[in-house]
Chemist: 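Please find one structure pasted underneath; my questions will follow.
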There are 2 protein chains.
Amino acid sequence: MVAKGRPRKFDTNEALDKALIVFWQRGFEGTSLSDLTEAMGINRPSLYAAFGDKETLFRRALDRYAEVGPAAVLHGALQQPTARGVIEHLLRGVAEAFTHPDRPAGCLVVQGALSCGETAEAVKQELCCRRASAEAQLRERLERAKAEGDLPPDADTAILSRYVSIVVKGMSVQAADGASRAELLAVVDMVLNCWPAGRATSENLSNSGKGIGVLSRAE
Amino acid sequence: MVAKGRPRKFDTNEALDKALIVFWQRGFEGTSLSDLTEAMGINRPSLYAAFGDKETLFRRALDRYAEVGPAAVLHGALQQPTARGVIEHLLRGVAEAFTHPDRPAGCLVVQGALSCGETAEAVKQELCCRRASAEAQLRERLERAKAEGDLPPDADTAILSRYVSIVVKGMSVQAADGASRAELLAVVDMVLNCWPAGRATSENLSNSGKGIGVLSRAE
DNA sequence: AGTTATCTGTACCGATGAGTATGAAAAAGC
DNA sequence: GCTTTTTCATACTCATCGGTACAGATAACT
């Protein structure tokens, strides 16, 4: 299976990786086609022929990110045997991936198009869906843990997964602000230390009997 | 003190508030001058005469945001008598402010320019500094709490303030994703429930004797 | 009334945005 | 060697970007 016409002068995968890095650094709106062609080492028509328009290229980069970037951590985490293991693997893995020395800090799915103009609205929605999907997968995994007796039967998996999701998103912003790996991991340790299942108590896994917002104060 | 020349046809404060909303929704890069003039109900030269260029206007909007937006919650929180009260006021206030029905979801300081092109680099840095400043203020307040015996003497205020900062940033993204006020508040309840000082134990306030990363697993 | 100072509206500036037309170049198939 | 097919490089399109020149309008001050 050899191509017929003039062969490509560049490697498509390598070029996509370069594009991924640029999008990751600057976001969708902040990246111009000139930024892309310069980083990829190709010129404009080659880019369009190989990847389609800017939005299509961004989606390709997103898929690539899901395979090799921090987003890949979730997949491994979900396969851990215990709920505690899932959370630990996820948070530690993400803290490390967000501070990888050779890659942009933080998460492309968070920073790619958090708020934007109308022209990037579709991309923003796509990222929003991916974030929601990650949280949903996590929640299903915790639901399974509950069914297996790994989490107390009154655990609120919606709140738990949302909490973890929030911590991950927060770490992404913190990493973009320049937080070091050690700083993020220290927070992860604290979160894990507070992780309810680590205490073998269900009191903070739900609000059963108390109702949301009616908590005893500690003063 | 009456102005001399032709009087302004619009109210400067109202116009600034309109600009704030647009920046808050679309971010710095995602907002065009046409978006601004349309929302503010004035035309371009009036905008430039009254506020300077786009970046200056954004900074004015930021200052306004610090007074009336979610950022104002921090100020009230820092004045709470106990560390626990500070955190509770901050997290609850922010959860509510990020989901105010009449305002854009989330936080301008987080979403205004998280990642961007070169032209917005200065704005990005400014936002980064403001986030860091908030965390530093929180840390100083916790340090005071430690001095007052309100927190255990071995509490690591750097990690604690960073943790709270991460939760706030994460909630901002979550709110932008469409999370409801009740959903955020439920997470806040869980965080507060896990808040170490609420348990009158210092074991998860520091890693004393164990060292970061050497935590007992719960399996 | 006349002067001066400021604001408004239109119409414009050069630069850059994303996307493309076109012809030369380089390979395979015959 | 010639055709076919695909890629490459230059140079272009049109729209929009942030920012401004200029003339008319509207007020206070003298």
Side-chain angles (χ1 to χ4, degrees), chain A residues 1-16 18-19 22-23 25-61 112-113 115-124 126, chain B residues 1-16 18-19 22-23 25-61 112-113 115-124 126:
Chain A
M1 54 165 294
V2 188
K4 204 164 186 189
R6 176 175 175 174
R8 242 185 214 122
K9 222 184 185 174
F10 60 96
D11 182 90
T12 310
N13 292 326
E14 283 180 17
L16 182 58
K18 304 278 190 175
V22 180
F23 278 132
Q25 280 175 334
R26 306 207 216 272
F28 179 75
E29 266 185 343
T31 302
S32 72
L33 280 189
S34 302
D35 293 334
L36 289 169
T37 54
E38 188 185 355
M40 299 164 88
I42 64 181
N43 43 31
R44 220 167 280 219
S46 300
L47 189 155
Y48 276 83
F51 301 102
D53 66 359
K54 187 185 172 186
E55 184 174 329
T56 309
L57 173 58
F58 183 79
R59 293 187 134 95
R60 294 274 301 266
S115 57
C116 59
E118 287 184 1
T119 57
E121 198 66 30
V123 167
K124 175 181 159 190
E126 168 75 27
Chain B
M1 53 168 292
V2 188
K4 201 164 187 191
R6 175 173 176 177
R8 226 172 231 134
K9 222 183 189 174
F10 61 96
D11 183 90
T12 309
N13 292 326
E14 284 180 16
L16 182 58
K18 304 278 191 174
V22 180
F23 278 132
Q25 281 174 334
R26 305 207 217 272
F28 179 76
E29 267 185 344
T31 302
S32 72
L33 280 189
S34 302
D35 293 334
L36 289 168
T37 54
E38 187 185 354
M40 299 163 88
I42 64 181
N43 42 33
R44 220 168 279 220
S46 299
L47 188 155
Y48 275 82
F51 301 103
D53 66 359
K54 187 186 175 188
E55 185 174 328
T56 309
L57 173 58
F58 183 80
R59 294 187 133 93
R60 294 275 300 266
S115 57
C116 59
E118 287 184 2
T119 58
E121 197 66 29
V123 167
K124 175 181 159 191
E126 169 75 27

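Note on naming: letters A, B, ... go to the chains in the order of the sequence lines (proteins, then strands), and numbering restarts at 1 for each one.
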Chemist: May I ask you to say what A/Thr37 touches in the nucleic acid, namely base, sugar-phosphate or nothing, with a heavy-atom cut-off under 4.0 Å?
Modeler: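 Result for A/Thr37 = nothing.
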
Chemist: So what does B/Pro7 hit on the nucleic acid, given a heavy-atom distance under 4.0 Å: a base, only sugar-phosphate, or nothing?
Modeler: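 Sugar-phosphate: the residue B/Pro7, judged by heavy atoms under 4.0 Å, touches backbone atoms but no base.
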
Chemist: For A/Leu47 and D/dA9, give me the distance from atom CG to atom P, rounded to whole Å.
Modeler: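 From A/Leu47 CG to D/dA9 P: 13 Å.
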
Chemist: Roughly how far apart are A/Glu121 CD and A/Glu118 CD, rounded to 0.5 Å?
Modeler: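 So the gap between those two atoms works out to 7.5 Å.
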
Chemist: May I ask you to decide if the ring planes of A/Phe23 and A/Phe58 are parallel, tilted or perpendicular, using 30° and 60° as cut-offs?
Modeler: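 Because their plane-to-plane angle is over 60°, the rings of A/Phe23 and A/Phe58 count as perpendicular.
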
Chemist: Taking the side chain from A/Thr37 and the backbone from A/Leu33, do they hold a donor-acceptor pair closer than 3.5 Å?
Modeler: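 Answer holds: yes.
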
Chemist: Using only heavy-atom distances, decide whether a donor-acceptor pair under 3.5 angstrom links the side-chain of A/Arg6 to the base of D/dT7.
Modeler: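 Yes, a donor-acceptor pair under 3.5 Å.
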
Chemist: Calculate the interatomic distance between B/Glu38 atom CD and D/dT16 atom P; express it in whole Å.
Modeler: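 The answer, rounded to whole Å, is 13 Å.
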
Chemist: How many whole angstroms separate atom NZ of A/Lys4 from atom C1' of D/dT6?
Modeler: 10 Å

Chemist: State whether the side chain of A/Thr31 and the backbone N or O of A/Gly27 hold a donor-acceptor pair below 3.5 Å, judged by distance alone.
Modeler: yes

Chemist: Counting only side-chain N and O atoms of A/Arg8, is one of them less than 4.0 Å from OP1 or OP2 of D/dT7?
Modeler: yes

Chemist: What's the CG-C1' distance between B/Leu36 and D/dC17, to the nearest Å?
Modeler: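 So the two atoms are 13 Å apart, to the nearest Å.
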
Chemist: Contact boundaries of DNA chain C with chain A (under 4.0 Å, heavy atoms), 5' to 3'?
Modeler: C/dG17 to C/dG29

Chemist: Please name the residue in the list B/Leu16, B/Leu36, B/Thr56 that meets the side-chain contact (heavy atoms from CB on, under 4.5 Å) test with B/Phe51.
Modeler: B/Leu16

Chemist: Specify the residue among B/Gly41 and B/Gly5 whose closest nucleotide of DNA chain C lies further upstream toward the 5′ end.
Modeler: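 Between the two, 5'-proximity favours B/Gly5.
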
Chemist: Can you tell me the distance, in whole Å, between the CD1 atom of A/Ile42 and the P atom of D/dT10?
Modeler: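 Checked: the CD1 to P distance equals 14 Å.
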
Chemist: Carefully, step by step, assess B/Arg44 and B/Ser34 under the rule side chain to side chain donor-acceptor pair (under 3.5 Å).
Modeler: CA-CA 8 Å; B/Arg44 220 168 279 220; B/Ser34 302; 3.1 Å; yes

Chemist: Should the pair B/Lys18-B/Glu14 be classified as a salt bridge under the 4.0 Å nitrogen-to-oxygen rule?
Modeler: no

Chemist: Under 4.0 Å between a side-chain N/O of A/Asn43 and OP1 or OP2 of D/dC8, yes or no?
Modeler: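 Negative; the distance criterion is not met.
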
Chemist: Judged by each residue's nearest nucleotide on DNA chain D, which is more toward the 5′ side, A/Arg44 or B/Asp35?
Modeler: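 On the 5' side of the pair lies A/Arg44.
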
Chemist: For D/dC8, take OP1 and OP2 only and decide whether either is under 4.0 Å from a side-chain N or O of A/Ser46.
Modeler: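 The answer is yes; a side-chain N or O of A/Ser46 sits under 4.0 Å from OP1 or OP2.
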
Chemist: Contact class for A/Lys54 (heavy atom, under 4.0 Å): base, sugar-phosphate, or nothing?
Modeler: sugar-phosphate

